[in-house]
Chemist: 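Pasting a structure here, questions to come.
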Amino acid sequence: MLAALFATLIATSEPAICDRLPTLGPADAPIVVRWYVDPLGPGMLDVWLELRRLVGDLEGEVAVAPIFVSNATHRTPTENKTRLWATAAACRGQSEEALRLLAREGSARIGRRLDDREGRAALAREIGLREPPQEASLRALIDAGDREFRLRAANSSGRVGRAPAFAIGDAAPFEDGAHLEAVRREIEGARLRERPTPRSVAHHSRSGVAERLRRPSADAGILVGGVALPHRLVVLVEQADHPDLLILRPALELRSVAPGRLAIQVIAHGQSRAASQLRTRLCAARILGRELDYLRLLTREPLAEASAAELLGALDAAAEAHACEAEEDALSREVAVLPSGLWLDGAAIGAREMAALEREILLIEATASPLDAVFSAAAPPEP
């Protein structure tokens with residue numbers, strides 16, 4: 001079937017065999033994520049783009065091996081034909097081009113275009129597919145992916161019924177959304193398992209820890225990340241352009257690769273006019289669910305001028321509509337006794353520690369009992 005569809009486009013008498021899809025990222029990466037995916041599934045372009053960003057962020061530590069499968073709900077003749085076309089494109093390193101077309105036009109329209117000679121030629125030009133592999137090798141590739149996924153899912157204690165799903169090493173496969181939060185957690189776990197525990201501090205306790213600064217009230221300021229995450233970076237500043245906000249990039253970068261590891265809390269400190277404005281905007285960001293957007297603006301991440309103006313306008317409007325000023329005045333008295341600065345799990349840190357934030361967290365983990373995070377979350381604040 002596929003050979004007939006592409007007969008006019010094949011330049012050689014015998015197309016090449018495709019026995020596996022190209023890896024996204026370096027083939028010799030220490031961590032390989034197997035991505036079981038039906039290219040006809042909804043949202044696969046978004047997942048592909050996020051995977052590409054993840055591989056780039058981790059700079060050679062991680063590679064993604066796509067494994068194409070056929071979900072039972074996408075096996076009509078037209079869908080099978082379109083899946084073979086997408087697999088042929090992936091074998092030639094043109095997965096993104098094919099996924100973009102599928103996202104834009106849908107598998108049904110792609111299938112109709114494949115039935116027409118001019119449509120086939122136009123599709124080939126659009127994605128640069130000049131010499132598709134043998135149809136038999138493409139079918140065998142998908143069948144092998146189906147068998148592997150069924151076997152791994154059957155041996156999993158979880159409930160993984162269909163692709164897309166992911167697996168790292170010999171671990172059981174798991175499902176995830178387009179933001180890849182579970183994938184990032186599993187990668188972070190694999191990275192930590194490969195690292196030796198810092199022995200120099202393994203049997204020493206931390207000093208200079210203020211319990212009241214480990215986990216202040218989650219209602220104060222904004223909290224990016226869950227209240228029960230194992231680590232929290234608390235930032236108490238007097239104004240929106242405070243220098244301490246400018247050195248938070250490592251914390252945002254760590255959250256992008258390990259969202260289940262670190263929470264960031266920003267609290268306005270003081271009674272100045274600038275502190276009051278920051279306090280009400282933090283309240284509004286919490287109400288609108290735009291905590292991360294405002295945090296990025298505070299850390300001076302590149303943002304279009306119009307987008308920044310729109311965000312500040314929305315925050316000011318929400319602050320007025322929800323009487324944030326009165327609410328935040330009450331909270332400001334609660335945190336007035338807390339000292340300003342940067343506090344990682346209750347201990348003061350500076351620019352040097354922020355630049356090596358992941359190392360600081362590893363040192364904390366090497367000195368802490370595994371139950372510390374549990375008990376500290378429930379512990380009453382210091383008087």
Side-chain angles (χ1 to χ4, degrees), residues 1-10 15-24 33-49 51-52 64-117 119-153 160-167 173 175-176 178:
M1 177 175 63
L2 191 67
L5 292 174
F6 290 115
T8 60
L9 307 173
I10 297 175
I17 291 175
C18 178
D19 56 3
R20 69 185 183 94
L21 301 183
T23 299
L24 180 62
V33 179
R34 297 181 77 77
W35 176 34
Y36 298 97
V37 54
D38 187 337
L40 307 191
M44 290 306 100
L45 175 61
D46 293 336
V47 177
W48 169 269
L49 295 176
L51 283 168
R52 188 180 65 180
V64 175
I67 312 294
F68 276 15
V69 301
S70 57
N71 277 328
T73 53
H74 296 295
R75 291 182 183 172
T76 66
T78 296
E79 288 169 330
N80 288 336
K81 174 174 52 184
T82 306
R83 185 180 295 105
L84 286 173
W85 167 82
T87 308
C91 284
R92 291 291 179 258
Q94 294 152 330
S95 290
E96 184 173 332
E97 292 85 349
L99 290 174
R100 286 188 182 277
L101 269 176
L102 283 166
R104 186 168 68 244
E105 301 191 11
S107 61
R109 188 166 190 272
I110 295 292
R112 290 194 296 270
R113 293 180 68 183
L114 288 171
D115 285 332
D116 176 73
R117 180 175 179 176
R120 294 194 299 271
L123 280 173
R125 286 194 300 269
E126 287 178 48
I127 68 171
L129 182 60
R130 301 178 182 227
E131 185 185 346
Q134 288 182 0
E135 177 184 350
S137 70
L138 298 174
R139 289 183 179 279
L141 188 65
I142 296 173
D143 289 343
D146 283 336
R147 287 193 299 273
E148 179 182 325
F149 180 59
R150 283 197 302 269
L151 179 62
R152 295 193 71 151
V160 181
R162 56 181 297 178
F166 304 86
E175 298 179 9
D176 200 2

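In this text, all values refer to a predicted model and were calculated from it rather than measured experimentally.
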Chemist: On a heavy-atom basis, which atom in Pro22 and which in Ala90 lie closest, and how many Å separate them?
Modeler: CD-O, 3.1 Å
Chemist: Mind checking what makes side chain to side chain contact (heavy atoms under 4.5 Å, CB included) contact with Ala122, not counting sequence neighbours?
Modeler: Arg113, Arg125, Glu126
Chemist: By side chain to side chain contact (heavy atoms under 4.5 Å, CB included), which residues pair with Glu97, not counting sequence neighbours?
Modeler: Gln94, Ile127
Chemist: Within the 4.5 Å heavy-atom criterion, are Ile142 and Thr87 side-chain neighbours or not?
Modeler: yes
Chemist: Taking only residues two or more places apart in sequence or in another chain, which ones pass ring-ring contact (aromatic ring centres under 6.0 Å, His included) with Tyr36?
Modeler: Phe149
Chemist: Measure across Pro164 and Glu175 and return the closest heavy-atom pair with its distance rounded to 0.1 Å.
Modeler: O-CG, 4.0 Å
Chemist: Which pair of heavy atoms, one from Ala167 and one from Arg152, lies closest together, and at what distance?
Modeler: CB-NH2, 3.5 Å
Chemist: Between Ile17 and Pro133, what is the shortest heavy-atom contact and its length?
Modeler: C-CB, 4.5 Å
Chemist: Determine whether Trp35 and Leu24 satisfy the following criterion, side-chain contact (heavy atoms from CB on, under 4.5 Å), listing intermediate values before the conclusion.
Modeler: CA-CA 10 Å; Trp35 176 34; Leu24 180 62; over 6 Å; no
Chemist: For Val69, is there any backbone N or O sitting under 3.5 Å from a side-chain donor or acceptor partner on Asp146?
Modeler: no
Chemist: Say whether, by atom type as modelled, one donor and one acceptor occur between the side chain of Glu79 and the main chain of Arg75 under 3.5 angstrom.
Modeler: yes
Chemist: Does the pair Cys91 and Leu141 meet the rule for a side-chain contact (heavy atoms from CB on, under 4.5 Å), with working shown?
Modeler: CA-CA 10 Å; Cys91 284; Leu141 188 65; 3.9 Å; yes
Chemist: Can you tell if the side chain of Arg92 reaches within under 4.5 Å of the side chain of Cys18, non-hydrogen atoms only?
Modeler: no
Chemist: Look up atom CZ in Arg139 and atom CZ in Arg83, then write down how far apart they are to the nearest 0.5 Å.
Modeler: 10.5 Å
Chemist: Can you list everything that forms a side chain to side chain contact (heavy atoms under 4.5 Å, CB included) with Ala108? Sequence neighbours excluded, please.
Modeler: Arg112
Chemist: Identify, with sequence neighbours excluded, every residue that meets salt bridge (Lys or Arg N to Asp or Glu O under 4.0 Å) alongside Arg100.
Modeler: Glu96
Chemist: Report the distance from atom CZ of Arg104 to atom CZ of Arg109, rounding to the nearest 0.5 Å.
Modeler: 9.0 Å
Chemist: Do any N or O atoms from the side chain of Asn71 and from the backbone of Asp38 form a donor-acceptor pair under 3.5 angstrom?
Modeler: no
Chemist: Mark yes or no for whether Arg34, through its side chain, and Ile67, through its backbone, hold a donor-acceptor pair below 3.5 Å.
Modeler: no
Chemist: The criterion is side chain to side chain contact (heavy atoms under 4.5 Å, CB included); which residues satisfy it with Thr82, sequence neighbours excluded?
Modeler: Leu40, Thr78, Trp85, Leu102, Ser107, Ile110, Leu114
